Amino acid sequence: MKEVLAQIKTEMGPHAVIVSTRQVNDNSYGLMTKPVVEVTAAVDYDQMRVAPGKPLKAVPPVSMPDEVEPRPEISAAKLDITAMGSEISELKGMMQALLKLNGVEPARENPLRKALLERGLRASLVDLILSKLGEKASPDSVKGLLSKVVHADPHMPKQIQIIVGTTGVGKTTTIAKLAARAVLDEGIKVGLVTLDTFRIGAVEQSRIYAKILGVPFASVTTPEELRRAVIQFRDKDLVLVDTVGRSPASDEHVGQLKEYCAGVPMAKILAMPVATRDSEMEKIMHTFAPLGIDRMIFTKADEAVTAGTVLSHNLLYRTPIAYITNGQRVPEDIVPANPEMIISMCLGELQ
Ligand SMILES: Nc1nc2c(ncn2[C@@H]2O[C@H](COP(=O)(O)OP(=O)(O)O)[C@@H](O)[C@H]2O)c(=O)[nH]1
Ligand SMILES: [Mg+2]
(Lines give C-alpha, C1' and ligand atoms only; values in the text may rest on other atoms or scores of the structure.)
(Ligands and ions follow the chains in the order given, each with its own letter.)
Protein backbone atom coordinates (compact mmCIF):
# COMPACT_ATOMS: atom_id res chain seq x y z
CA MET A 1 0.00 0.00 0.00
CA LYS A 2 2.90 2.35 0.83
CA GLU A 3 4.35 1.78 -2.59
CA VAL A 4 1.01 2.39 -4.26
CA LEU A 5 0.47 5.60 -2.31
CA ALA A 6 3.90 6.83 -3.35
CA GLN A 7 3.08 6.03 -6.95
CA ILE A 8 -0.22 7.88 -6.67
CA LYS A 9 1.43 10.98 -5.15
CA THR A 10 4.03 11.00 -7.89
CA GLU A 11 1.47 10.71 -10.63
CA MET A 12 -1.34 12.79 -9.23
CA GLY A 13 0.32 15.21 -6.86
CA PRO A 14 0.55 15.58 -3.09
CA HIS A 15 -3.19 16.05 -2.59
CA ALA A 16 -4.09 12.69 -4.05
CA VAL A 17 -5.86 10.31 -1.72
CA ILE A 18 -6.86 6.67 -1.94
CA VAL A 19 -10.60 6.49 -2.21
CA SER A 20 -11.03 2.76 -2.13
CA THR A 21 -9.23 -0.51 -2.56
CA ARG A 22 -10.71 -3.85 -3.26
CA GLN A 23 -9.73 -7.29 -4.37
CA VAL A 24 -11.21 -8.19 -7.67
CA ASN A 25 -11.58 -11.88 -8.30
CA ASP A 26 -14.05 -12.02 -11.07
CA ASN A 27 -13.56 -13.11 -14.63
CA SER A 28 -15.64 -10.37 -16.14
CA TYR A 29 -12.47 -8.56 -17.09
CA GLY A 30 -11.98 -11.51 -19.38
CA LEU A 31 -8.42 -10.83 -20.31
CA MET A 32 -7.32 -11.36 -16.69
CA THR A 33 -8.37 -14.19 -14.48
CA LYS A 34 -6.09 -14.00 -11.47
CA PRO A 35 -7.12 -11.88 -8.48
CA VAL A 36 -6.05 -8.25 -8.68
CA VAL A 37 -6.14 -5.39 -6.23
CA GLU A 38 -7.89 -2.36 -7.58
CA VAL A 39 -6.99 0.99 -6.09
CA THR A 40 -9.06 4.06 -6.83
CA ALA A 41 -7.42 7.37 -6.14
CA ALA A 42 -8.60 10.92 -6.53
CA VAL A 43 -7.39 14.41 -5.95
CA ASP A 44 -9.10 16.23 -3.14
CA TYR A 45 -10.50 19.15 -5.08
CA ASP A 46 -11.31 21.20 -1.96
CA GLN A 47 -7.70 21.04 -0.85
CA MET A 48 -6.59 22.00 -4.31
CA ARG A 49 -8.79 25.03 -4.36
CA VAL A 50 -7.13 26.43 -1.24
CA ALA A 51 -3.73 25.98 -2.85
CA PRO A 52 -3.73 29.11 -5.02
CA GLY A 53 -2.03 29.17 -8.34
CA LYS A 54 -2.26 25.44 -8.82
CA PRO A 55 -4.25 24.49 -11.89
CA LEU A 56 -7.17 22.16 -11.30
CA LYS A 57 -6.09 19.11 -13.18
CA ALA A 58 -8.33 16.27 -14.19
CA VAL A 59 -6.75 12.98 -13.27
CA PRO A 60 -6.98 9.46 -14.55
CA PRO A 61 -7.56 6.58 -12.17
CA VAL A 62 -4.32 5.00 -11.12
CA SER A 63 -4.42 1.42 -12.16
CA MET A 64 -2.27 -1.30 -10.74
CA PRO A 65 -0.06 -3.07 -13.27
CA ASP A 66 -2.16 -6.19 -12.78
CA GLU A 67 -5.30 -4.47 -13.79
CA VAL A 68 -6.48 -4.36 -17.36
CA GLU A 69 -9.56 -2.27 -17.01
CA PRO A 70 -9.91 1.26 -15.64
CA ARG A 71 -12.80 1.80 -13.25
CA PRO A 72 -15.85 2.52 -15.40
CA GLU A 73 -17.19 5.25 -13.12
CA ILE A 74 -14.03 7.30 -13.45
CA SER A 75 -13.90 6.72 -17.16
CA ALA A 76 -13.54 9.38 -19.82
CA ALA A 77 -15.54 11.87 -17.76
CA LYS A 78 -12.55 13.06 -15.77
CA LEU A 79 -9.80 12.58 -18.25
CA ASP A 80 -8.14 15.42 -19.97
CA ILE A 81 -6.26 15.03 -23.19
CA THR A 82 -2.91 14.26 -21.67
CA ALA A 83 -4.49 12.00 -19.09
CA MET A 84 -6.14 10.03 -21.86
CA GLY A 85 -2.84 9.68 -23.65
CA SER A 86 -1.08 8.46 -20.55
CA GLU A 87 -3.83 6.01 -19.79
CA ILE A 88 -3.54 4.48 -23.22
CA SER A 89 0.21 4.14 -22.99
CA GLU A 90 -0.30 2.71 -19.52
CA LEU A 91 -2.66 0.11 -20.96
CA LYS A 92 -0.19 -0.68 -23.69
CA GLY A 93 2.52 -1.12 -21.09
CA MET A 94 0.29 -3.40 -19.09
CA MET A 95 -0.42 -5.53 -22.08
CA GLN A 96 3.26 -5.89 -22.84
CA ALA A 97 3.86 -6.76 -19.20
CA LEU A 98 1.07 -9.30 -19.35
CA LEU A 99 2.53 -10.94 -22.38
CA LYS A 100 5.88 -11.27 -20.64
CA LEU A 101 4.25 -12.44 -17.43
CA ASN A 102 2.45 -15.24 -19.16
CA GLY A 103 5.73 -16.32 -20.65
CA VAL A 104 3.91 -16.95 -23.88
CA GLU A 105 5.31 -15.70 -27.12
CA PRO A 106 2.62 -14.27 -29.34
CA ALA A 107 1.36 -17.10 -31.50
CA ARG A 108 2.71 -15.65 -34.71
CA GLU A 109 2.22 -18.79 -36.69
CA ASN A 110 -1.41 -19.17 -35.62
CA PRO A 111 -3.67 -18.62 -38.66
CA LEU A 112 -6.16 -16.99 -36.32
CA ARG A 113 -3.66 -14.19 -35.76
CA LYS A 114 -3.58 -13.39 -39.45
CA ALA A 115 -7.36 -13.55 -39.67
CA LEU A 116 -7.79 -11.17 -36.74
CA LEU A 117 -5.20 -8.74 -38.08
CA GLU A 118 -6.89 -8.75 -41.47
CA ARG A 119 -10.05 -7.57 -39.76
CA GLY A 120 -8.23 -4.49 -38.54
CA LEU A 121 -7.84 -5.45 -34.90
CA ARG A 122 -4.79 -3.95 -33.23
CA ALA A 123 -1.79 -6.29 -33.21
CA SER A 124 -1.10 -5.86 -29.49
CA LEU A 125 -4.69 -6.86 -28.68
CA VAL A 126 -4.58 -9.84 -31.03
CA ASP A 127 -1.41 -11.05 -29.31
CA LEU A 128 -2.91 -10.49 -25.90
CA ILE A 129 -6.06 -12.43 -26.77
CA LEU A 130 -4.18 -15.32 -28.35
CA SER A 131 -1.62 -15.61 -25.58
CA LYS A 132 -4.41 -15.47 -23.03
CA LEU A 133 -6.23 -18.33 -24.71
CA GLY A 134 -3.02 -20.26 -25.40
CA GLU A 135 -3.69 -23.73 -26.74
CA LYS A 136 -7.42 -23.20 -26.52
CA ALA A 137 -7.36 -20.41 -29.09
CA SER A 138 -10.05 -21.06 -31.67
CA PRO A 139 -12.59 -18.88 -33.48
CA ASP A 140 -15.18 -19.79 -30.85
CA SER A 141 -12.93 -19.22 -27.85
CA VAL A 142 -11.82 -15.84 -29.24
CA LYS A 143 -15.46 -14.82 -29.64
CA GLY A 144 -16.27 -16.21 -26.20
CA LEU A 145 -13.51 -14.19 -24.57
CA LEU A 146 -14.48 -11.05 -26.44
CA SER A 147 -18.13 -11.44 -25.49
CA LYS A 148 -17.05 -11.02 -21.87
CA VAL A 149 -15.08 -7.84 -22.46
CA VAL A 150 -16.96 -5.92 -25.14
CA HIS A 151 -18.94 -3.06 -23.65
CA ALA A 152 -22.26 -2.32 -25.33
CA ASP A 153 -25.21 -0.54 -23.81
CA PRO A 154 -27.98 1.19 -25.76
CA HIS A 155 -29.48 2.49 -22.54
CA MET A 156 -28.52 6.15 -22.22
CA PRO A 157 -27.80 7.45 -18.74
CA LYS A 158 -29.67 10.73 -19.23
CA GLN A 159 -32.87 12.05 -20.75
CA ILE A 160 -30.97 14.76 -22.63
CA GLN A 161 -28.47 13.38 -25.10
CA ILE A 162 -25.95 15.33 -27.13
CA ILE A 163 -24.30 13.80 -30.17
CA VAL A 164 -20.86 15.11 -31.04
CA GLY A 165 -18.34 14.17 -33.69
CA THR A 166 -16.62 15.46 -36.77
CA THR A 167 -18.55 16.73 -39.78
CA GLY A 168 -20.31 14.26 -42.04
CA VAL A 169 -20.13 11.28 -39.71
CA GLY A 170 -23.91 10.99 -39.56
CA LYS A 171 -24.88 12.88 -36.41
CA THR A 172 -27.98 14.57 -37.81
CA THR A 173 -29.15 11.42 -39.60
CA THR A 174 -28.62 9.35 -36.45
CA ILE A 175 -30.58 11.85 -34.36
CA ALA A 176 -33.42 11.66 -36.88
CA LYS A 177 -33.36 7.85 -36.60
CA LEU A 178 -33.36 7.95 -32.80
CA ALA A 179 -36.10 10.58 -32.71
CA ALA A 180 -38.24 8.65 -35.19
CA ARG A 181 -37.87 5.42 -33.23
CA ALA A 182 -38.79 7.18 -30.01
CA VAL A 183 -41.85 8.84 -31.55
CA LEU A 184 -43.07 6.00 -33.77
CA ASP A 185 -42.12 2.87 -31.77
CA GLU A 186 -42.20 4.07 -28.20
CA GLY A 187 -44.69 6.92 -28.50
CA ILE A 188 -42.69 9.13 -26.18
CA LYS A 189 -42.37 12.91 -26.23
CA VAL A 190 -39.26 14.14 -28.00
CA GLY A 191 -37.64 17.54 -28.45
CA LEU A 192 -34.84 18.34 -30.88
CA VAL A 193 -32.16 20.98 -30.40
CA THR A 194 -29.28 21.91 -32.66
CA LEU A 195 -26.22 23.77 -31.41
CA ASP A 196 -25.16 25.99 -34.23
CA THR A 197 -21.78 26.63 -32.63
CA PHE A 198 -20.21 28.19 -35.66
CA ARG A 199 -23.33 30.06 -36.69
CA ILE A 200 -23.08 28.67 -40.16
CA GLY A 201 -26.77 28.02 -40.42
CA ALA A 202 -26.36 24.32 -41.04
CA VAL A 203 -29.48 23.48 -39.10
CA GLU A 204 -32.05 23.21 -41.89
CA GLN A 205 -31.64 19.44 -42.12
CA SER A 206 -32.60 19.01 -38.44
CA ARG A 207 -35.46 21.46 -38.79
CA ILE A 208 -36.87 19.42 -41.66
CA TYR A 209 -36.62 16.15 -39.75
CA ALA A 210 -38.33 17.76 -36.76
CA LYS A 211 -41.12 18.98 -39.00
CA ILE A 212 -41.66 15.56 -40.57
CA LEU A 213 -41.76 13.91 -37.14
CA GLY A 214 -43.94 16.64 -35.70
CA VAL A 215 -41.58 17.33 -32.79
CA PRO A 216 -40.57 20.75 -31.47
CA PHE A 217 -37.22 22.07 -32.64
CA ALA A 218 -34.89 24.73 -31.32
CA SER A 219 -31.71 26.06 -32.86
CA VAL A 220 -29.42 27.67 -30.31
CA THR A 221 -26.31 29.77 -30.70
CA THR A 222 -25.25 30.34 -27.07
CA PRO A 223 -24.99 28.17 -23.92
CA GLU A 224 -27.66 30.36 -22.34
CA GLU A 225 -30.04 29.63 -25.21
CA LEU A 226 -29.38 25.92 -24.76
CA ARG A 227 -30.31 26.16 -21.08
CA ARG A 228 -33.50 27.97 -22.05
CA ALA A 229 -34.32 25.31 -24.67
CA VAL A 230 -33.81 22.58 -22.10
CA ILE A 231 -36.20 24.32 -19.73
CA GLN A 232 -38.66 24.76 -22.56
CA PHE A 233 -38.42 21.01 -23.27
CA ARG A 234 -38.59 19.91 -19.63
CA ASP A 235 -41.81 17.96 -20.24
CA LYS A 236 -40.13 15.83 -22.93
CA ASP A 237 -39.07 12.24 -22.26
CA LEU A 238 -36.15 12.57 -24.63
CA VAL A 239 -34.25 15.63 -25.83
CA LEU A 240 -31.74 15.01 -28.59
CA VAL A 241 -29.10 17.67 -29.11
CA ASP A 242 -27.37 17.85 -32.48
CA THR A 243 -24.11 19.71 -33.02
CA VAL A 244 -22.62 21.40 -36.02
CA GLY A 245 -18.87 21.51 -36.09
CA ARG A 246 -15.96 21.73 -38.38
CA SER A 247 -14.03 18.88 -39.83
CA PRO A 248 -11.61 17.65 -38.64
CA ALA A 249 -12.11 17.65 -34.87
CA SER A 250 -10.65 20.77 -33.32
CA ASP A 251 -9.86 21.71 -29.75
CA GLU A 252 -11.62 25.01 -30.37
CA HIS A 253 -14.86 23.23 -31.25
CA VAL A 254 -14.61 20.93 -28.24
CA GLY A 255 -13.88 23.93 -26.01
CA GLN A 256 -17.09 25.54 -27.20
CA LEU A 257 -19.05 22.33 -26.73
CA LYS A 258 -17.75 22.16 -23.17
CA GLU A 259 -19.24 25.56 -22.45
CA TYR A 260 -22.58 24.39 -23.78
CA CYS A 261 -22.42 21.22 -21.70
CA ALA A 262 -21.61 23.01 -18.45
CA GLY A 263 -24.54 22.86 -16.12
CA VAL A 264 -26.79 20.87 -18.44
CA PRO A 265 -26.94 17.20 -17.44
CA MET A 266 -26.54 15.46 -20.77
CA ALA A 267 -25.28 12.09 -21.93
CA LYS A 268 -22.45 12.76 -24.33
CA ILE A 269 -22.39 10.51 -27.33
CA LEU A 270 -19.57 10.45 -29.83
CA ALA A 271 -20.47 9.45 -33.37
CA MET A 272 -17.71 7.93 -35.46
CA PRO A 273 -17.76 5.97 -38.71
CA VAL A 274 -16.90 2.28 -38.39
CA ALA A 275 -14.35 2.63 -41.18
CA THR A 276 -12.24 5.19 -39.28
CA ARG A 277 -8.57 4.20 -39.10
CA ASP A 278 -7.19 3.17 -35.73
CA SER A 279 -4.81 6.13 -35.41
CA GLU A 280 -7.56 8.51 -36.47
CA MET A 281 -9.94 7.08 -33.85
CA GLU A 282 -7.32 7.68 -31.20
CA LYS A 283 -6.87 11.29 -32.31
CA ILE A 284 -10.60 12.00 -32.38
CA MET A 285 -11.05 10.33 -29.00
CA HIS A 286 -8.33 12.53 -27.50
CA THR A 287 -9.92 15.65 -28.93
CA PHE A 288 -13.38 14.87 -27.57
CA ALA A 289 -12.24 13.33 -24.27
CA PRO A 290 -12.52 16.62 -22.31
CA LEU A 291 -16.31 16.39 -22.74
CA GLY A 292 -16.42 13.03 -20.96
CA ILE A 293 -17.86 10.69 -23.56
CA ASP A 294 -20.55 8.36 -22.15
CA ARG A 295 -21.42 6.33 -25.23
CA MET A 296 -20.25 5.65 -28.77
CA ILE A 297 -22.37 5.40 -31.85
CA PHE A 298 -20.50 3.82 -34.73
CA THR A 299 -21.95 4.91 -38.04
CA LYS A 300 -21.88 3.77 -41.66
CA ALA A 301 -21.22 0.11 -40.89
CA ASP A 302 -22.62 -0.58 -44.37
CA GLU A 303 -19.70 1.29 -45.94
CA ALA A 304 -16.94 -0.40 -43.97
CA VAL A 305 -14.87 -3.24 -45.38
CA THR A 306 -13.41 -4.18 -42.01
CA ALA A 307 -14.54 -3.19 -38.54
CA GLY A 308 -11.79 -4.46 -36.24
CA THR A 309 -10.92 -0.92 -35.19
CA VAL A 310 -14.30 -0.74 -33.43
CA LEU A 311 -13.28 -3.70 -31.29
CA SER A 312 -9.85 -2.23 -30.57
CA HIS A 313 -11.49 1.05 -29.62
CA ASN A 314 -13.93 -0.66 -27.31
CA LEU A 315 -11.29 -2.80 -25.61
CA LEU A 316 -8.94 0.13 -25.08
CA TYR A 317 -11.31 2.94 -24.13
CA ARG A 318 -14.11 0.91 -22.55
CA THR A 319 -16.72 3.46 -23.68
CA PRO A 320 -19.91 1.46 -24.21
CA ILE A 321 -21.27 1.31 -27.75
CA ALA A 322 -24.92 2.33 -27.84
CA TYR A 323 -25.86 1.93 -31.50
CA ILE A 324 -24.55 0.95 -34.89
CA THR A 325 -25.95 2.67 -37.94
CA ASN A 326 -25.88 0.81 -41.22
CA GLY A 327 -27.41 2.90 -43.96
CA GLN A 328 -28.95 6.18 -44.97
CA ARG A 329 -32.58 5.22 -44.47
CA VAL A 330 -34.36 7.03 -41.64
CA PRO A 331 -35.48 5.47 -39.36
CA GLU A 332 -34.65 1.90 -40.43
CA ASP A 333 -30.88 1.82 -40.53
CA ILE A 334 -29.90 1.78 -36.86
CA VAL A 335 -29.40 -1.15 -34.50
CA PRO A 336 -29.05 -1.11 -30.70
CA ALA A 337 -25.66 -2.55 -29.81
CA ASN A 338 -24.95 -5.73 -27.88
CA PRO A 339 -21.65 -7.63 -27.54
CA GLU A 340 -22.65 -10.44 -29.90
CA MET A 341 -23.57 -8.16 -32.77
CA ILE A 342 -20.45 -6.06 -32.27
CA ILE A 343 -18.27 -9.18 -32.37
CA SER A 344 -20.09 -10.55 -35.37
CA MET A 345 -19.83 -7.20 -37.18
CA CYS A 346 -16.11 -6.92 -36.42
CA LEU A 347 -15.02 -10.51 -36.93
CA GLY A 348 -17.62 -11.96 -39.28
CA GLU A 349 -17.08 -15.59 -40.17
CA LEU A 350 -13.88 -16.39 -38.36
CA GLN A 351 -12.36 -19.66 -39.56
N1 LIG B 1 -24.01 4.70 -45.83
C2 LIG B 1 -24.39 5.39 -44.77
N3 LIG B 1 -24.53 6.72 -44.84
C4 LIG B 1 -24.91 7.40 -43.72
C5 LIG B 1 -25.17 6.75 -42.50
N6 LIG B 1 -25.51 7.69 -41.59
C7 LIG B 1 -25.47 8.89 -42.24
N8 LIG B 1 -25.11 8.71 -43.53
C9 LIG B 1 -24.94 9.73 -44.58
O10 LIG B 1 -23.80 10.52 -44.31
C11 LIG B 1 -24.00 11.85 -44.77
C12 LIG B 1 -23.74 12.83 -43.64
O13 LIG B 1 -24.69 12.62 -42.62
P14 LIG B 1 -25.11 13.74 -41.60
O15 LIG B 1 -26.12 13.16 -40.69
O16 LIG B 1 -25.50 14.99 -42.30
O17 LIG B 1 -23.72 13.98 -40.85
P18 LIG B 1 -23.35 15.08 -39.75
O19 LIG B 1 -22.55 16.12 -40.44
O20 LIG B 1 -22.52 14.35 -38.74
O21 LIG B 1 -24.61 15.58 -39.17
C22 LIG B 1 -25.43 11.90 -45.28
O23 LIG B 1 -25.41 11.75 -46.68
C24 LIG B 1 -26.10 10.68 -44.62
O25 LIG B 1 -27.16 10.19 -45.39
C26 LIG B 1 -25.01 5.32 -42.45
O27 LIG B 1 -25.20 4.66 -41.42
N28 LIG B 1 -24.62 4.70 -43.60
MG1 LIG C 1 -25.34 17.50 -39.11
Side-chain angles (χ1 to χ4, degrees), residues 120 152 154 160-183 190-213 215 217-221 226 229 239-250 252-254 256-257 260-261 266-277 280-281 283-285 287-288 291 293-307 309-310 313 321-338 341-342 344-346 348:
I160 309 172
Q161 297 157 20
I162 183 166
I163 301 198
V164 300
T166 52
T167 304
V169 295
K171 296 181 295 295
T172 305
T173 313
T174 302
I175 284 196
K177 291 171 184 174
L178 291 173
R181 282 168 65 103
V183 171
V190 177
L192 293 185
V193 180
T194 291
L195 305 191
D196 197 0
T197 30
F198 286 100
R199 296 185 179 82
I200 48 181
V203 297
E204 274 321 297
Q205 201 187 351
S206 319
R207 199 190 298 279
I208 292 163
Y209 279 127
K211 206 166 168 187
I212 294 169
L213 290 168
V215 301
F217 172 78
S219 152
V220 304
T221 52
L226 173 63
V239 177
L240 293 163
V241 183
D242 196 1
T243 57
V244 179
R246 281 176 185 165
S247 199
S250 75
E252 183 200 355
H253 177 47
V254 174
Q256 283 193 342
L257 288 177
Y260 280 89
C261 291
M266 295 190 280
K268 285 103 179 172
I269 305 158
L270 177 61
M272 184 137 70
V274 170
T276 313
R277 270 176 305 152
E280 194 84 359
M281 277 197 185
K283 230 165 43 205
I284 294 170
M285 216 41 202
T287 309
F288 284 96
L291 294 178
I293 300 300
D294 299 294
R295 292 285 185 280
M296 295 299 299
I297 292 183
F298 284 102
T299 60
K300 309 191 184 187
D302 55 306
E303 288 182 350
V305 180
T306 60
T309 45
V310 169
H313 181 281
I321 304 170
Y323 289 93
I324 300 292
T325 78
N326 53 5
Q328 291 181 296
R329 292 177 308 165
V330 177
E332 290 92 344
D333 295 333
I334 187 163
V335 198
N338 65 59
M341 65 92 79
I342 298 296
S344 140
M345 173 182 88
C346 298

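Computed from heavy atoms alone, side chains included, the values below leave out hydrogens, waters and symmetry copies. It should be emphasised that the depicted structure is a prediction, and the values quoted were computed from it without experimental measurement. Remember, it's 1-based here, ligands and their atoms both numbered in the order they're listed.
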For a 4.5 angstrom cut-off between non-hydrogen side-chain atoms, does Phe298 reach His313? yes
Where does Lys177 meet ligand 1, judged by heavy-atom distances below 4.0 Å: at the side chain, the backbone, both, or neither? side chain
Looking only at protein heavy atoms, what sits closest to atom 27 (O) of ligand 1 is Thr325 OG1, 2.6 Å
Using heavy-atom distances only, which candidate in Asp333, Val169, Asp302 approaches atom 2 (C) of ligand 1 most closely? Asp302
Quick check: do Thr309 and Thr276 have side-chain heavy atoms less than 4.5 Å from each other? no
For atom 5 (C) of ligand 1, what's the nearest protein heavy atom and its distance? Gly327 O, 3.5 Å
Is there a donor-acceptor contact under 3.5 Å linking the side chains of Asp242 and Thr172? yes
A student checking ligand 1 against Asn326 at a 4.0 Å heavy-atom cut-off should list atoms 27 (O)
Is any side-chain heavy atom of Leu178 closer than 4.5 Å to a side-chain heavy atom of Ile297? yes
Using a heavy-atom cut-off of under 4.0 Å, does the side chain or the backbone of Lys300 touch ligand 1, or both, or neither? both
Atom 16 (O) of ligand 1 - nearest protein heavy atom and its distance: Gln205 NE2, 3.3 Å
Would you mind listing which atoms of ligand 1 come within a distance below 4.0 Å of any non-hydrogen atom of Glu303? 1 (N), 2 (C)
Any idea which part of Val244 is under 4.0 Å from ligand 1, heavy-atom wise: side chain, backbone, both or neither? neither
Please check if the side chain of Thr243 supplies one atom and the backbone of Ile163 the other of a donor-acceptor pair under 3.5 Å. yes
Do the non-hydrogen side-chain atoms of Thr299 and Thr174 ever get within less than 4.5 Å of each other? yes
Tell me: protein heavy atom nearest atom 19 (O) of ligand 1, and distance? Gly168 N, 2.7 Å
Output, in order, the C-alpha distance, side-chain angles, deciding distance and verdict of side chain to side chain contact (heavy atoms under 4.5 Å, CB included) for Gln205 and Thr173. CA-CA 9 Å; Gln205 201 187 351; Thr173 313; 4.2 Å; yes
Min side-chain heavy-atom separation Val241-Tyr260 under 4.5 Å: no
Out of Ser206, Gly170, Ala301, indicate the one that has the non-hydrogen atom closest to atom 17 (O) of ligand 1. Gly170
N, O or S atom of Gln205 closer to the Mg ion (ligand 2) than 2.8 Å: no
I'd like to check Ile162 versus Val193 (side-chain heavy atoms, cut-off strictly below 4.5 Å). Are they in contact? no
Using a plain distance cutoff, I'd like to know if Gln328 has any nitrogen or oxygen under 3.5 Å from a nitrogen or oxygen of ligand 1. yes
Identify the closest protein heavy atom to atom 14 (P) of ligand 1: which residue and atom is it, and at what distance? Thr173 OG1, 3.5 Å
